[in-house]
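Below: one structure, written as structure tokens.
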Amino acid sequence: MRLFFSSFTLIALLVVSIIPCGVLAENAPNQHKVLSLASPNNEIVLHFTDEDDLARYQLSFNGKEVIGLSKLGFTFAKALPMYRDFRLSEVSRNRVDSSWEQPWGEQRIIRDHHNELVVKYTDINNAQNIFYVRARAFDEGIGFRYEVPADSSRDITRELTEFNFLNSHQATAYWIPGQGRERYEYLYRTTPLQEVDKAHTPFTVEYTDGTHIAVHEAALVDYAGMSIQRQALGMFSANLAPRADGVLVKKTGSFVTPWRTITIGDEAVDLVNSFMALNLNEPSKIEDTSWINPGKYIGIWWGMHIDKFTWGSGPKHGATTERTMAYMDFAAEHGFDGVLVEGWNVGWDGNWIANSELFSFTESYPDFDLKRVHEHSLSTGVKLIGHHETSGGISNYEAQMEDGFALYQKMGVEQIKTGYVAFGQNLKNRDEQGVMRYEFTDSQDVVNHFIHNVKTAAQYQLSINTHESVKDTGLRRTHPNWISRESARGQEYNSGWAPPNPPEHLPIMAFTRMLSGPMDFTPGIFDFDYEREHGGGPEWGDKPYTRPLSTLARQLAQYVVIYSPIQMAADLPENYLAKPEPFQFIKDVPTDWETSIALQGSVADYVVFARKEKAHRHYSGNDWYLGALTNEDERVINVPLNFLDKGQRYEAQIYRDGDKADWRTNPYDMVIEKKTVTQDDTMTIRLAAAGGVAVRFKQL
Ligand code: NOJ
Ligand code: CA
């Protein structure tokens, strides 16, 4: 490969200099062309080529080829293939260095600094058969998308995009399966890159020399979600979730694909400290975003997961008027913005996962009085957070969606949590003939359903927090009312109905799932000693634990580590009242940030974040927060506090694992202490196994 690369580069230089832009080398059949695009700092260089008359790209980082020649193109059911016999030409170049402001986010101001190249590939045998590739190179990686001119219709049967990881024997991958039964709710696999089969994205790869690469996509709109499938050692190709009719993607007229993105850096945190995916998405379609509110909430929720309450009606029904009002009182007293209520509406009795068509989005159970709850919401100032569980019944939901939205809007609701509990290939969507069709979570129609849902919600000034949704691809920029989502294995798995998340789960998610966007993980479990009447799923085995594999300090750390503009305090109110001191951190921590920095970390081992609060509502904008957590290994972290503002003194309010903290036997041992610090100090903190630390730096 090395030999090949140097001759490739040499020819590239020659060809680029002898062939004028935009002219095909028609008379020189053996001479191929290479067009290159460098990142602003020149560290990343993307090359397009038509060598061997194939449309391909290649990527180098710090002078070293990391993604070898990788195919581009499509095959279609009827239209001419975009497969081989293609020639390359340059269309345009552009440079951008601008900034834009997020209405909410892990960082307020986002810099968009990139170089752009648009290339055209033309079929040697048919000059009408063309496609364009628009590529953007940022300092943190590259993105490219296909732009295909109009044709009457195209049914995509394959997207040929490849990701050819070189030196794959030196690489480890962190991944979950693509298009699986549990959607994206899997434990992460850590395997040699060469052993990956079909993986979901963000797909993260770590090389022995420290180079980290993540493959993902941006702006997934009217297209199928991409998994990547191994073709040969180190060589992967795009694998699109098929539609119910077996076609991958149906298109009429011209179309663009989502961006295929490759983030790359010298260390793991480089992947996190990137806003490339947001920059590749379109600006907000919502002009006035003042009604979209980040914040914190509690809910009638964990009680159902630990079997204390039920979603359905009966003696243990969780969603009663009285309980909701009491939760609102608690929320008002402790500064929460909302109360989520699940199971208030008809449809939960019996096997609600199978009976998706029985869900009503407007009719409540007799013991839940929506009007009284609304009145109580007005008197307490605490919002009701709505819930739309569909159990994957897309057509049932779409038929009632606007009625459901209208009702919630009337009841002062600002946010709705939606849910699509169904196996990942089983979302139920009736076709025009009324025949039930079964869809993947990330098939084209379901992708479109999720976008239709957030767009329609915007008309009612409602924000959506989707559970079991398609993966995030940065669309929160375009639709800022898509306020959060789950799309991974969250805290719910720690409630005892399935094997809990192992301690390494979060230090892997920080470098995989979290690269895609905010997650409604639902942190903050304070009581680990609950008993379940019913427990365990089919793979539960010897059922070793029915609780978070975590120390208490780690539950606090999650509020800083796992970014979401809405954060739940997931436990029962009484469990917070029993531990008022650690609860103070949850009350203090904001969910909207001026800036965020992943300071240190190593995939599957640990991660350390610092975030500065954004000035809004009762937050001054002066305080910093730090969160760190580790896997099953205890470790000591040294954190230079040079991120703190210069010349300022801070009271560091530290919530750390106590010396006797042990996630198996003594998870509650925690020390809360205060120190005065400045940016010249370094903090040395011991994290217990499965532990963590949370710090508020209150400016003095
Ligand atoms: C799965 C969601 O992730 C969870 O939060 C919710 O409670 C249940 N579905 C029921 O809707
Ligand atoms: Ca879920």
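Atoms within a ligand are numbered from 1 in the order they appear, just like the ligands themselves. Positions are given from 1, in the same order as the sequence printed here.
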Salt bridge between [X] and [Y], side-chain N to carboxylate O under 4.0 Å?
X	Y	value
D337	K383	no
K417	E342	yes
E322	R372	yes
R430	E357	yes
K579	D571	no

* Side-chain heavy-atom pair V373, M328 within 4.5 angstrom cut-off -> yes
* To do: Assess R476 against W482: is NZ or CZ under 6.0 Å from the centre of the six-membered ring, and within 45 degrees of the ring's axis?
  => no
* Determine how many protein N/O/S atoms sit closer than 3.0 Å to the Ca ion (ligand 2), leaving waters out since they are not shown. =>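 There are 5 of them.
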* F361 and side chain to side chain contact (heavy atoms under 4.5 Å, CB included): which partner among T390, I416, D403? ->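 Exactly one pass, corresponding to T390.
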* Asked: Can you tell me if Y668 and D529 form a side-chain donor-acceptor pair at under 3.5 Å?
  ->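 Indeed, the side chains of Y668 and D529 share at least one donor-acceptor pair under 3.5 Å.
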* **Proximal protein residues to ligand 1, non-hydrogen atoms under 4.0 angstrom** =>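 Contacts of ligand 1 under 4.0 Å: W301, H305, W311, E342, W348, W352, H387, E389, K417, V421, H467, E468, E486, E492.
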